[in-house]
Amino acid sequence: MQRAMKATNVVLILLCAMYFISYIVRQSIATQMLEIRPEFGLSATDVGFVFSAFAYPYLLFQIIGGLTADKFGPRKTLFVSGLVWAGATILTGLATGLTTLFLWRVLMGFGVGATLPTATRAMQHWVETRRRGFAQGITHSFSRLGNSLTPIMVVAIMGIVGWRGSFVVIGIAGFLWVIVWFWYFRDDPKDHPSITNEELEKLPLKGAKPVRAAVPWGPLIKRMWPVTLTYFCYGWCLWLYLSFLPLFFKDRFMLSNEDAALFASIVYFVGAIGNTVGGMVSDTVFHRTGRVRFARLSITFIGFTGALLWLLPVMYIQDMMLMAICLAGGFFFAEMVIGPMWAIPMDIAPKYSGTASGLMNTGSALAAILSPVVAGQLVDITGDQQLPFTVAIGVLMLGALTTFLMRPERQFTDEVVVTKPSPAAAE
């Protein structure tokens, strides 16, 4: 019990809770849409635009959020961003049609956009180097646990307070987390009243104050673009699953809201398992071989390859149970990518981990804009609910190939950033 309540473990638990709640915030609308769509008379393309609405500011704030975290620290950044996404969630319950639904989702994106790069910045100081893959895997597993529970939870809440009331309930949970976070967390572990010397000795910066240096954008983008591209390919598959899965089961197999939510929850839960497995296996390989590139890239490649192989039969399957099994298998392997991918920005650029992770997650944010809209248009044009998963196979194949362009073993801090000499130096 004493070990479990160490400050480093409590911080990790708080981050897990944030991932859990914030993913319910962004994901719940996929289930709420089961009732919103007929009430507002939305087409599949309309639904896709609503799903993608949060991703426009989300894309912008991947870099801004990372910069903010690097400058002001995770404590203040997550406090403010949490207030925004929790408040926007409650306001979504007041939507009166497609336009207001879209606008409140955009507002939510402003808050959510800063969360992941800021959480990575917090881990940079609060998580041991050898546990980075595990920390990223377990936190993202909680996000997927939130995803897996969201459909059945939201259906149950909607049964009591309706779809509008369900937004209010979820938003209140977000406000509660924000209060606890600001009360407990400290940017510098050394400032925390419960931190022990034993914990400080294991932390990578040993409680040192972060150095706020100017970000060398050109060299950093040059190092991170392969990571961003690879994460875009993962994000395309992710946002297809998170956006359309409940509607897919309902429309393709004529299920009730409860049954569609149950099947979606099962698929998401299998993905949560893959999420944890990917991070743990990546760390295990790293510990045994000492080869960070092999540890990160091997698991990422296996994840992409396994996902596309499991999705291949989806083009031909008509049976509901077989469809659910293949979709679950695909999501399991796709989610194995998460742990090693989120460890890579810390591997490459520990000094700029917030900004680097923000650059990486712009790939997923861009995919969050494009994937749901493309999927909705494909369904409206062809009437084939399975076609978007066929497109995802090609994107996953690209991700498997771009994996080998990433170089996490080359630390950015070891590179020489060439700057122009000052006038005084020139003289």
Side-chain angles (χ1 to χ4, degrees), residues 23 27 30-31 33-34 44 51 137 140-155 233-281 299-339 367 371-372 375 378-379 382-400:
Y23 265 78
Q27 170 65 10
T31 304
M33 191 60 71
L34 295 171
F51 287 150
H140 283 84
S141 289
F142 268 82
S143 72
R144 299 309 180 263
L145 180 61
N147 291 338
S148 67
L149 295 177
T150 293
I152 54 177
M153 283 195 309
V154 171
V155 164
C233 297
Y234 158 77
W236 186 280
C237 182
L238 169 70
W239 293 110
L240 175 61
Y241 269 89
L242 297 188
S243 299
F244 277 99
L245 203 59
L247 290 173
F248 171 78
F249 279 115
K250 181 178 176 65
D251 294 344
R252 178 66 181 81
F253 300 105
M254 305 301 293
L255 300 180
S256 66
N257 288 351
E258 291 77 11
D259 289 340
L262 177 61
F263 273 97
S265 288
I266 292 172
V267 173
Y268 294 147
F269 181 75
V270 172
I273 297 173
N275 204 308
T276 303
V277 169
M280 294 179 67
V281 173
I299 306 306
T300 302
F301 179 77
I302 290 172
F304 276 115
T305 306
L308 70 89
L309 291 176
W310 273 98
L311 287 182
L312 281 175
V314 169
M315 295 185 289
Y316 312 103
I317 288 176
Q318 304 299 320
D319 181 77
M320 181 175 65
M321 294 303 297
L322 287 178
M323 180 71 74
I325 291 171
C326 287
L327 289 174
F331 203 45
F332 174 90
F333 278 96
E335 290 298 274
M336 285 184 65
V337 170
I338 280 284
S371 181
L378 287 174
V379 172
T382 68
D384 184 355
Q385 286 94 0
Q386 295 169 219
L387 186 58
F389 292 98
T390 305
V391 175
I393 293 172
V395 180
L396 288 167
M397 188 177 300
L398 175 62

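Just so you know, residue 1 is the first one in the sequence shown, and it goes up from there. Computed from heavy atoms alone, side chains included, the values below leave out hydrogens, waters and symmetry copies.
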List the residues meeting side chain to side chain contact (heavy atoms under 4.5 Å, CB included) with Ile273, not counting sequence neighbours, and say none if there are none. Phe269, Val277, Phe332
For Val155, side chain to side chain contact (heavy atoms under 4.5 Å, CB included) partners two or more places apart: Thr31, Met158, Glu258, Ala261
Where at least one partner belongs to [range], residue pairs that pass salt bridge (charged side-chain N to carboxylate O under 4.0 Å, His left out), sequence neighbours excluded:
range	result
residues 263-276	none
residues 311-335	Arg144-Glu335
residues 389-399	none

Salt bridge (Lys or Arg N to Asp or Glu O under 4.0 Å) involving Asp251 - partner list, sequence neighbours excluded: Arg37
List the steps, then state whether side-chain contact (heavy atoms from CB on, under 4.5 Å) holds for Tyr234 with Ile338. CA-CA 9 Å; Tyr234 158 77; Ile338 280 284; 3.2 Å; yes
Assess whether side-chain contact (heavy atoms from CB on, under 4.5 Å) is satisfied between Gln318 and Phe253, documenting all intermediate values. CA-CA 9 Å; Gln318 304 299 320; Phe253 300 105; over 6 Å; no
Let me confirm one number: the [atom1]-[atom2] distance from [X] to [Y], rounded to the nearest 0.5 Å.
X	Y	atom1	atom2	result
Phe248	Leu240	CZ	CG	9.5 Å
Leu238	Cys233	CG	SG	13.0 Å
Ile325	Met323	CD1	CE	11.5 Å
Leu262	Asn257	CG	CG	12.5 Å
Asn147	Tyr23	CG	OH	7.0 Å
Leu387	Thr382	CG	OG1	5.0 Å

Can you check whether Leu327's main-chain N or O pairs, donor with acceptor, with Tyr241's side chain at less than 3.5 Å? yes
CA sep, side-chain torsions, deciding dist, call: Leu34, Leu247, side-chain contact (heavy atoms from CB on, under 4.5 Å): CA-CA 7 Å; Leu34 295 171; Leu247 290 173; 3.6 Å; yes
For Trp239, which residues count as a side chain to side chain donor-acceptor pair (under 3.5 Å) partner, sequence neighbours excluded? Ser364
Counterpart residues, side chain to side chain donor-acceptor pair (under 3.5 Å), relative to Gln386 (two or more places apart): Arg252
Of all pairs that satisfy side-chain hydrogen bond (donor to acceptor under 3.5 Å, both in side chains), the ones with a partner from residues 322-334, not counting sequence neighbours: none
Listing request: all side-chain hydrogen bond (donor to acceptor under 3.5 Å, both in side chains) pairs with a residue in residues 259-271, at least two apart in sequence or in separate chains. Gln27-Tyr268, Ser256-Asp259
Contacts under 3.5 angstrom, residues 303-316 side chains, donor-acceptor by atom type, not counting sequence neighbours:
unit_1, atom_1, unit_2, atom_2, d
Thr305, OG1, Phe301, O, 2.9

Looking only at heavy atoms, which two atoms of Ala264 and Pro151 are closest? And how far apart? CB-CG, 4.1 Å
Closest non-hydrogen atom pair, Phe51 against Pro372: CB-CB, 3.9 Å
Can you give me every donor-acceptor pair (side chain of residues 388-396, partner residue at least two apart or in another chain, under 3.5 Å) with its distance?
none

